[in-house]
Amino acid sequence: MLFNSLPFLLFLPLVFCLYWFVNSKNLQIQNLLLLVASYFFYAFWDWHFLLLLVFSTFLDYFTGLKMYNATTIKNKSFWFWTSVSVNLGFLGVFKYYNFFADSLSIALSKFGFQPSFWMLKIILPVGISFYTFHGLSYVIDIYKNRIIPEKSIISYSLFVSYFPLLVAGPIERATHLLPQIKKKRIFNYNQAIQGSKQIIWGLFKKVVIADNCAFFVNQIFDNVSGHSSSELWIGMFMFSFQIYCDFSGYSDIALGVSKLFGIDLLRNFNFPYFSKDIADFWRRWHISLSSWFKDYVYIPLGGSQGSKMYQLRNVFIIFLLSGFWHGANWTFIFWGLLHALLFIPLLITNKNRLNINSNEFTIRSIFKMFSTFIMVSFAWIFFRSKSIYEAFLYLENMFSINNLAPHFFYKNSKYALLSGISLISILLLLLVEYYNVKKQNAEIKVSKYVLFLAIFLLFCMGTYRNQMSFIYFQF
């Protein structure tokens, strides 16, 4: 079920009313209602894969209890590695098997071998990377004696499958979400209003900006040779805003919807295009994933301790894993490698923590923001392209001076209108985010006048085209 769809428009008010007006005095029934609603939300896409979600949930729930009650380290380790192996096994089969089989086949063919690997004809379960990481963090924290296992299967199941974050995050931690699930919740009018505003702003970012940019981006990236260099430059920038508004729009809606039920989720974005360097960008972009890799991979590897060589090794591992997490394609791995190469000079010169919590807007800092945005945008070309070859072709044609005119964006009245709406909407987004960065707001604040304009544009664009899926559903 998509947040930007009619079924969800009917689903959310129904669950909200049942949650607050029918079962507001019984926490267990509230949690059970949210769990049933979450399973329905997921099954609406494909009920077959609901069984995989339920199996993964029960596996980690019972693994947690078994580890906690284990009488020996060996027994505890057995249950831990069983859970980790099964979870990563599912992720490997559904997401990465065909990639590895195809890559190995191509590599062996270079040496004269012609292997024939069996390729799986399956689709990737929506949200598998997200709910798998929920479960992994839970069993790791129990194994490391950071938390004790949850005894209520309903509470734990809701932690894993809570529908606002189920298919595209943020990636929650048991230490943050489970206490809220187990605590009695009272309706808070101000929290609900803030949540509603955040939902509207998230829908605006998704439907008006991201989907509008996608109209042009898809055509440009699918036919690189057929567009002028200026059109390719514009296409690159439009994809930068498409992926940001698509993903952060989803996160805004998720956080806003959750506020309606009295639950706060982890913040996933902190105005990343106002970053002053790549390290700053990764503190602001997909925060829940970055912090997950930091806590469960980077620090166990040694983090920033030890020699520079060990630190560089750890950084490379984290960025390559981050790229690989996004998808089974060499383009994502190359994208992660690019960010590692951009990050390393900061690490070597000990400047990777230079711009933490900086909100100044001097000429120097604005230049840093712009140059960081340019670097990030160039890397996005590899993220969006179907192959590394196509990405380099895109870059090559960008710097061609044979054709400079951006005729594509105003070839007819429809294209001119959509490109104009895109530009105005992006400028509006930047103004709102500039205000929030200056104020260092923990939660985004949008004035009622901007919200009215957002609602108007939402209505116009909503009646213009059908809903489009979120990019991060494929991860």
Side-chain angles (χ1 to χ4, degrees), residues 2-17 20 164-165 168 170 187-215 238 241-274 284 359 417-468 470:
L2 298 175
F3 283 162
N4 54 324
S5 66
L6 179 59
F8 187 76
L9 187 62
L10 302 174
F11 168 82
L12 180 59
L14 175 61
V15 176
F16 178 83
C17 291
W20 287 117
L165 55 77
F187 181 76
N188 185 311
Y189 176 79
N190 292 329
Q191 186 183 32
I193 291 298
Q194 176 61 26
S196 300
K197 291 179 178 179
Q198 199 163 3
I199 292 171
I200 293 171
W201 186 243
L203 285 170
F204 166 75
K205 289 162 76 174
K206 163 61 179 172
V207 177
V208 179
I209 301 180
D211 290 356
N212 229 10
C213 288
F215 175 80
M238 292 190 86
F241 283 102
Q242 179 198 348
I243 192 168
Y244 169 55
C245 291
D246 191 284
F247 193 17
S248 68
Y250 179 96
S251 294
D252 282 335
I253 299 169
L255 268 66
V257 167
S258 192
K259 281 184 172 64
L260 298 181
F261 299 103
I263 297 175
D264 290 318
L265 299 180
L266 293 171
R267 187 180 188 182
N268 216 15
F269 291 89
N270 184 21
F271 318 118
Y273 288 159
F274 285 84
R284 297 169 177 267
N359 67 331
L417 175 63
L418 292 180
S419 59
I421 292 176
S422 296
L423 178 60
I424 293 172
S425 301
I426 290 172
L427 290 175
L428 180 63
L429 169 77
L430 293 175
L431 286 173
V432 169
E433 295 204 345
Y434 166 78
Y435 169 81
N436 281 272
V437 171
K438 284 286 290 184
K439 296 294 183 179
Q440 289 188 304
N441 290 329
E443 293 185 344
I444 189 167
K445 298 187 184 301
V446 185
S447 73
K448 61 181 180 180
Y449 303 107
V450 172
L451 283 176
F452 285 144
L453 178 57
I455 293 172
F456 172 74
L457 291 172
L458 266 171
F459 176 78
C460 294
M461 297 308 301
T463 57
Y464 170 75
R465 65 160 62 93
N466 295 326
Q467 70 269 11
M468 297 175 64
F470 289 84

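We find the CD1-SG distance between I455 and C460 to be 12.0 Å, quoted to the nearest 0.5 Å. Separating the OG atom in S258 from the CD atom in Q198 is a distance of 10.0 Å, to the nearest 0.5 Å. Between Y250 atom OH and L165 atom CG the span is 7.0 Å, to the nearest 0.5 Å. Interatomic distance, L457 CG to S425 OG, rounded to the nearest 0.5 Å: 5.0 Å. A distance of 13.5 Å separates CZ of F241 from CG of N212, quoted to the nearest 0.5 Å. Rounding to the nearest 0.5 angstrom, the gap separating the SG atom in C213 from the CD1 atom in I421 is 11.5 Å.
At least one side-chain heavy atom of I199 sits under 4.5 Å from a side-chain heavy atom of L260. Using a 4.5 Å heavy-atom threshold, the side chains of V450 and F204 count as separate. Side-chain contact between P170 and L255: present, with at least one pair of heavy atoms (C-beta onward) separated by less than 4.5 Å.
Taking both residues in full, the closest heavy atoms of F247 and A168 are given as CE1-O, 3.4 Å, listed atom of the first, atom of the second, then distance. Residues L428 and L453 come closest through the heavy atom pair CD2-CD2, 3.8 Å. Heavy atoms only, all atoms of each residue included: F271 and N441 are closest at CE1-O, 4.4 Å. Taking all atoms of both residues into account, the shortest heavy-atom contact from F274 to L430 is CZ-O, 3.7 Å. Counting all heavy atoms, side chain and backbone alike, I444 lies closest to Q194 at O-NE2, 3.4 Å. Shortest non-hydrogen contact noted between F16 and F261 is CA-CE2, 3.8 Å.
A ring-ring contact (aromatic ring centres under 6.0 Å, His included) check over residues 435-456, counting only residues at least two apart or in different chains, returns nothing. Within the structure, salt bridge (charged side-chain N to carboxylate O under 4.0 Å, His left out) pairs that include any residue of residues 431-443 comprise K259-E443 (at least two apart or interchain). Sorted by first then second residue, the salt bridge (charged side-chain N to carboxylate O under 4.0 Å, His left out) pairs that include residues 194-210, not counting sequence neighbours, are K205-D252, K206-D211, K206-D246.
Partner of S251 under the side-chain contact (heavy atoms from CB on, under 4.5 Å) criterion, out of N268, L265, L266: N268 alone.
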Side chain to side chain contact (heavy atoms under 4.5 Å, CB included) between Y244 and L429: does it pass, once the steps are laid out? CA-CA 11 Å; Y244 169 55; L429 169 77; 4.2 Å; yes
